[in-house]
Amino acid sequence: MAEQATRLWLMYPSRLITRPVIYEIGKNFNIVTNVRQVSVTDEIGLVSLELDGEREEIKRAIAWLEELGIKVEPVEIQTIEG
Amino acid sequence: MSDRPFFSNLKCRECGRLYPKEAIHICEFDFGPLEAAYDYDAIKGSISREAIASRPQSMWRYRELLPIDGAPTVGVQVGFTPLVKADRLAKRLGVKELYVKNDTVNYPTLSFKDRVVSVALSRARELGFKVVACASTGNLANSVAANAASAGLTSYVLIPSDLERSKVVNSLVYGTNVVGIEGPYDQVNRLCSEIAGKYGWGFVNVNLRPYYAEGSKSMGFEIVEQLGWKVPRHTVIPMASGSLLTKIYKAYTEFAKVGIIDEQPFSVHGAQATGCSPISTAMKKGIEVVKPVPKPETIVKSLAIGTPADGYYAIRTMKDTHGSAEDCTDEEVVEGIKLLAETEGIFAETAGGTTVACAKKLIESGRIPADESIVLCITGHGLKTQEAIHEKCGAPRVIKPSLREFEALVADELAALETPQPSTLNS
């Protein structure tokens with residue numbers, strides 16, 4: 001499978017702000033993470049993240065993040081417009 | 001004409017790093033959005049009110065401030081839509097000076113998207129793209145399909161597979177390749193981003209976004225020129241991603257930078273539908289981080305972006321200009337559409353109803369004073385979202401083919417018309 005770098009925005013609900021999610025990605029999946037920008041308030045955490053790894057592994061990590069309740073968007077954020 | 005290029009670079013909005021004028025849109029360092037940057041000193045020497053006024057009536061009369069290198073090749077007739085002095089609507093809203101910037105009649109697909117698409121596709125040609133694409137639920141798809149067809153470019157339009165048939169027809173007719181994608185929006189979004197990266201196509205709102213977004217400025221330039229080179233004190237703008245609002249602000253400030261106008265105080269205000277109002281909600285709370293709306297629920301589909309890319313910048317712009325944000329219910333949207341239609345004869349899509357309804361609230365609450373000039377940006381034609389007002393405009397009254405029946409039907413109405421009204425007696 002091809003290696004690829006994927007750039008994502010992760011949006012955490014408040015209940016997950018204290019959980020070390022990015023550490024867990026590196027531990028549970030064969031993926032290298034690199035944080036580029038972060039913004040955390042009482043209500044939401046936003047992280048822009050680069051993930052390096054095999055495509056299928058990245059897809060599994062995204063599915064895991066979504067299952068946790070984290071919204072995962074490409075860095076383009078909204079490719080679908082009205 | 002100066003030898004220096006007017007459009008100089010792409011620039012990160014976060015860190016200010018400069019990038020070459022290619023099909024890129026994200027800063028490699030902080031993933032901040034890239035924006036077109038210009039050599040304003042060079043432009044100052046080339047542009048003037050007289051020069052602009054002598055050019056054809058299209059958005060390209062401000063070409064020094066649009067991000068292409070040569071002459072436009074796509075959408076050369078787009079823009080310069082009417083700025084309507086809306087006296088009857090002003091009276092209903094209780095204000096003195098009100099205008100409607102009427103992009104319901106923008107050429108060729110009846111929405112402001114023709115402005116952004118003509119810039120994106122003109123630039124796509126300069127960059128050598130043969131295939132252009134977009135992911136859209138409506139106006140953007142129609143505009144890409146039509147403008148690509150007239151320019152002889154191959155186009156792909158990606159849509160959610162459950163999109164209403166009526167909306168798809170407005171793209172299919174231009175011979176574009178329409179691909180429906182199954183699954184929730186998040187997945188469709190990520191696939192589009194992957195396709196844009198993999199195929200080397202010009203995706204108008206992904207890798208061509210810095211060029212695309214600049215097209216919105218033309219609406220602001222036109223407003224200033226049509227007001228006699230004046231910036232309106234208040235401009236009310238619908239917000240989806242928030243990009244249009246930031247670009248109208250940029251247009252007003254750029255005209256001052258290049259000496260077309262003196263600096264003038266102005267405020268920009270943003271309008272959203274309550275069922276998807278992440279920007280307005282954050283603005284009202286006084287915070288700058290926009291909390292996503294996972295499931296937008298509103299009839300205003302063209303503004304229903306749950307994670308607005310330019311939300312943060314829109315909030316900053318409203319704050320910097322002492323503007324405000326407002327949102328309105330779907331019922332208020334329908335009332336807004338009808339009010340604009342009944343007073344000014346302009347049939348707007350749901351985003352237009354949102355702008356009118358939010359302007360009404362901003363005026364009633366005193367956030368827009370009644371004695372200052374106001375422009376409402378109306379961005380798309382009502383024929384595109386007719387289903388939103390079905391059953392809400394009444395029905396025709398049906399009679400037999402008999403004059404007596406007709407006379408009985410209209411007798412009271414004619415009597416009311418013949419009774420002199422106090423205002424006509426005095427005039």
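So that the names make sense, note that chain A is the first sequence line, chain B the second, and so on, each numbered from 1. Computed from heavy atoms alone, side chains included, the values below leave out hydrogens, waters and symmetry copies.
Proximity to chain B is limited to the side chain of A/Leu46, based on heavy atoms less than 4.5 angstrom apart. For chain A, no part of B/Lys167 is nearby; none of its heavy atoms comes within less than 4.5 Å. For a residue to count as touching a neighbouring chain, one of its non-hydrogen atoms must lie under 4.5 Å from one of that chain's; by this rule A/Val72 touches chain B with backbone and side chain alike. Contacts of B/Glu349 with chain A are absent, with no heavy-atom separation under 4.5 Å from either backbone or side chain. If you measure heavy-atom distances from B/Ala240 to chain A, you find no contacts under 4.5 Å at all. Within the 4.5 angstrom heavy-atom criterion, only side-chain atoms of A/Glu66, from C-beta onward, approach chain B. Interface remark: B/Ser193 contributes backbone and side-chain atoms alike to the contact with chain A (heavy atom separation under 4.5 Å).
We find that B/Glu14 and A/Arg36 are not joined by a salt bridge, their nearest charged nitrogen and carboxylate oxygen being 4.0 Å or further apart. Using a cut-off of 4.0 Å between Lys/Arg side-chain N and Asp/Glu carboxylate O, B/Asp327 and B/Lys284 are scored as salt-bridged. In summary, B/Asp310 and B/Arg13 engage in a salt bridge, as defined by a charged side-chain N under 4.0 Å from a carboxylate O. Comment: B/Lys247 engages B/Glu35 in a salt bridge, judged by a side-chain N to carboxylate O separation of less than 4.0 angstrom.
Annotation: maximal heavy-atom pairing with chain A below 4.5 Å, among B/Gly32, B/Pro160, B/Gly138, B/Pro308, occurs at B/Gly138. Counting heavy-atom pairs closer than 4.5 Å to chain A, the top residue among B/Pro292, B/Ser302, B/Gly380 is B/Pro292.
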Start with the C-alpha distance between A/Glu81 and B/Ser136, add both sets of side-chain angles, then the distance that settles side chain to side chain donor-acceptor pair (under 3.5 Å), and finish with yes or no. CA-CA 5 Å; A/Glu81 289 202 12; B/Ser136 167; over 6 Å; no

Check step by step if side chain to side chain donor-acceptor pair (under 3.5 Å) holds for B/Thr109 and B/Asp114. CA-CA 7 Å; B/Thr109 65; B/Asp114 290 322; 2.7 Å; yes

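Aromatic rings from A/Trp9 and B/Phe31 are positioned such that their centres are separated by 6.0 Å or more.
Checking side-chain atoms of B/Ser155 against main-chain N and O of B/Ala133 turns up no donor-acceptor pair under 3.5 Å.
In this view, B/Tyr19 satisfies the ring-ring contact (aromatic ring centres under 6.0 Å, His included) rule with no residue, not counting sequence neighbours.
Within residues 195-208 of chain B, the residues having any heavy atom closer than 4.5 Å to a heavy atom of chain A are B/Asn205, B/Val206, listed by residue number.
The side-chain tip of B/Arg17 points at the ring of B/Phe29 from less than 6.0 angstrom away and within 45° of straight on.
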